[in-house]
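These notes concern the structure reproduced below.
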Number of protein chains: 2
Amino acid sequence: MSSFGKIASLRHPVAINLADRPSASACEDCGARHLGLCDALSDEELVFLSSAAHRMTLPTGRLFLEEGDAAQFFYNVNSGTVRLFKALPDGRRQITGFAGPGHFIGLAATDMNVVSAETMEPVQLCRFSRAGMRAMFEEYPALERKLLDVAMHELVLSQQQMLLLGRKTALERIASFLLSWAQRQENCNTGKLPRPNAKLTLPLSRTDLADYLGLTIETVSRSLSALKKEGLIEIPNIHEVVLLRPQALENIAEAAN
Amino acid sequence: MSSFGKIASLRHPVAINLADRPSASACEDCGARHLGLCDALSDEELVFLSSAAHRMTLPTGRLFLEEGDAAQFFYNVNSGTVRLFKALPDGRRQITGFAGPGHFIGLAATDMNVVSAETMEPVQLCRFSRAGMRAMFEEYPALERKLLDVAMHELVLSQQQMLLLGRKTALERIASFLLSWAQRQENCNTGKLPRPNAKLTLPLSRTDLADYLGLTIETVSRSLSALKKEGLIEIPNIHEVVLLRPQALENIAEAAN
DNA sequence: CGCTCTTTTGAAGTTCTTCAATTTTAGTGG
DNA sequence: CCACTAAAATTGAAGAACTTCAAAAGAGCG
């Protein structure tokens with residue numbers, strides 16, 4: 001957890017949501033959710049902010065941001081999952097991240113978007129004009145601080161991913177992914193291992209997984225099968241994985257010998 | 001160039017350096033240099049800032065930031081080059097970036113450093129305590145804005161690197177690297193191709209290059225030789241590369257068919 | 001000038017990919 | 001509810017790209 005984040009949330013220990021997101025009960029003590037913009041602002045500020053926001057609901061598979069287009073908006077995800085990716089002309093694709101509830105989209109941009117964004121499920125999001133956002137920074141410095149915090153966190157994640165893509169084997173990538181996804185889903189960045197038998201829900205297809213980990217779907221499939229055969233995981237169905245032995249996965253993921 | 005950067009530099013079109021860096025003549029119209037903190041502040045603010053900074057000079061090969069240590073400081077590079085990297089227990093290393101003059105170090109951190117930093121040449125830098133920096137944000141919002149701008153730019157770069165590491169071939173990686181290094185060195189992020197016969201100076205060893213591009217030194221060497229054989233580059237010596245046909249390199253780098 | 005370290009080049013080996021076939025899953029209509 | 005179809009995932013076998021191991025050439029330094 002970043003120190004900037006801590007400041008922001010201490011000063012505004014609020015739990016109202018940007019839009020009317022469902023329950024926010026888990027928000028306050030969750031490392032990942034407080035990375036949403038929501039926690040950065042007081043009630044009053046949130047009202048102002050949400051007046052500047054445009055709520056939208058998108059169906060599955062909607063490409064709402066395209067690499068190379070002029071960067072007009074920021075987005076904040078309320079529900080559902082978004083995949084962010086870059087692509088080469090011949091179709092090769094690298095998914096750079098996934099944005100779920102509370103996540104902010106649009107930081108990785110100059111005047112143009114440098115990534116594309118596509119919904120993986122029905123998604124609700126709030127849209128802000130970048131210009132309006134800049135104006136708002138004058139009024140509400142806490143917002144800017146929060147954004148810096150989010151950006152720094154993204155930077156940490158992307159550097160982990162560089163290590164994974166540049167130096168890890170297929171098996172290590174899969175193990176790393178499972179653990180990081182567990183953190184994301186469950187105990188939100190506490191840095192602790194998930195408990196044995198923790199159940200993961202993956203909204204990702206094998207293709208997404210492959211494009212995120214820099215592998216082919218066949219290699220992803222084979223690696224998952226290998227972990228299953230070794231008794232480290234169970235795969236009740238395509239969208240669920242049970243982590244039978246998280247410590248063993250961690251040893252593989254971190255190449256601990 | 002990011003819009004936030006524009007704001008910051010328009011408001012404070014100053015060219016004093018953080019410490020007494022050599023000539024700053026090229027600073028104002030250079031996309032990369034204005035990413036240094038220097039441009040974000042007025043004269044008065046800079047005086048204040050530099051009073052909070054601790055100047056240091058480090059010899060080649062000094063490891064001054066270690067992954068996992070408590071994150072106490074930010075650094076701003078004045079001269080020389082620093083390599084930032086993550087490593088696995090068995091020694092595999094991934095260089096996540098290089099920091100040269102004007103570059104800011106320490107953004108990719110939570111309470112702990114998530115990367116290590118090591119000097120590649122004699123390096124001069126300014127050190128700021130993270131706590132002091134936070135206090136300064138209250139006084140000088142422009143500073144925080146600038147930092148957000150820097151973080152966003154880093155994010156853009158790291159996503160390009162993810163595409164490279166996850167999806168590009170060895171030859172494509174080398175071609176991409178040469179072009180990006182030319183931009184860094186020469187026309188600073190203008191997005192234009194370097195002119196034919198542009199000469200690159202690489203302070204990197206082949207090992208650094210390999211660890212940056214997720215390859216082995218042998219593959220790096222072979223790929224460079226291949227580009228040379230094809231007449232796209234010339235390699236007068238180990239630390240210099242001449243880009244004979246930048247457009248052809250670009251075609252390889254971007255997999256344009 | 002000779003030593004060492006880095007880089008280059010070659011040959012063999014490994015991991016991952018590609019191609020192909022089978023199995024499983026999911027969606028649709030009877 | 002079940003069968004049928006299409007898409008996705010798994011598994012197998014062959015191939016390619018990169019790595020590893022090994023040796024030679026080149027650069028740097030006392």
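Lettering of chains follows the sequences in order, A, B, ..., and the numbering in each one begins at 1.
From the 5' end on, the contacts that DNA chain C makes with chain B at under 4.0 Å to a non-hydrogen atom open and close at dT7(C) to dA11(C).
Rounded to whole angstrom, the span from the CG atom of L224(B) across to the P atom of dC18(D) amounts to 14 Å. In this entry the distance linking CZ of R206(B) with C1' of dC18(D) reads 18 Å, nearest Å. Put simply, NZ on K229(A) is 15 Å from P on dT10(D), counting in whole angstrom units. If you measure from atom CG of L171(B) to atom P of dA16(D), you get 17 Å, rounded to the nearest angstrom. The separation between L204(A) atom CG and dA8(D) atom P is 15 Å, rounded to whole Å. If you measure from atom NZ of K228(A) to atom P of dT10(D), you get 8 Å, rounded to the nearest angstrom.
In this structure, the side chain to side chain donor-acceptor pair (under 3.5 Å) partners of E118(A), at least two apart in sequence or on a different chain, are R83(A). Remark: E67(A) pairs with K86(A) by the salt bridge (charged side-chain N to carboxylate O under 4.0 Å, His left out) rule, at least two apart or across chains. Residues passing the side chain to side chain donor-acceptor pair (under 3.5 Å) test with E66(B), sequence neighbours excluded: none. Residues passing the side chain to side chain donor-acceptor pair (under 3.5 Å) test with E230(A): none are found, sequence neighbours excluded. In this view, S116(A) satisfies the side chain to side chain donor-acceptor pair (under 3.5 Å) rule with no residue, not counting sequence neighbours. Residues passing the ring-ring contact (aromatic ring centres under 6.0 Å, His included) test with F73(B), sequence neighbours excluded: none. F85(A) pairs by the ring-ring contact (aromatic ring centres under 6.0 Å, His included) definition with nothing, not counting sequence neighbours.
Residue pairs meeting the salt bridge (charged side-chain N to carboxylate O under 4.0 Å, His left out) criterion with at least one partner in residues 151-176 of chain B, sequence neighbours excluded, are R92(A)-E172(B), D211(A)-R167(B), K168(B)-E254(B).
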Base contacts versus sugar-phosphate-only contacts with protein, heavy atoms under 4.0 Å: please encode nucleotides 19-30 of chain D as B, S and - from 5' to 3'. BBB---------
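Taking only side-chain nitrogens and oxygens, T207(A) never comes nearer than 4.0 Å to OP1 or OP2 of dA8(D).
Within the helix from dC1(C)-dG30(D) to dG30(C)-dC1(D), the inter-axis angle between the opening and closing five-pair segments is 40°, rounded to 10°.
Projected onto DNA chain C by closest heavy-atom contact, K168(A) and S205(B) fall at different nucleotides, the more 5' of which corresponds to S205(B).
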Could you pull out all donor-acceptor pairs under 3.5 Å where a side-chain atom in residues 238-249 of chain B meets a protein atom, sequence neighbours excluded?
from	atom 1	to	atom 2	distance (Å)
H239(B)	ND1	L202(B)	O	2.7
Q247(B)	NE2	N251(B)	OD1	3.1

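Residue R127(B) places its CZ atom among more than 12 non-hydrogen atoms of other residues, nucleotides or ligands, all under 6.0 Å distant. Summarising the local packing, CE of M112(A) is surrounded by 12 or fewer heavy atoms from other residues, nucleotides or ligands at distances under 6.0 Å.
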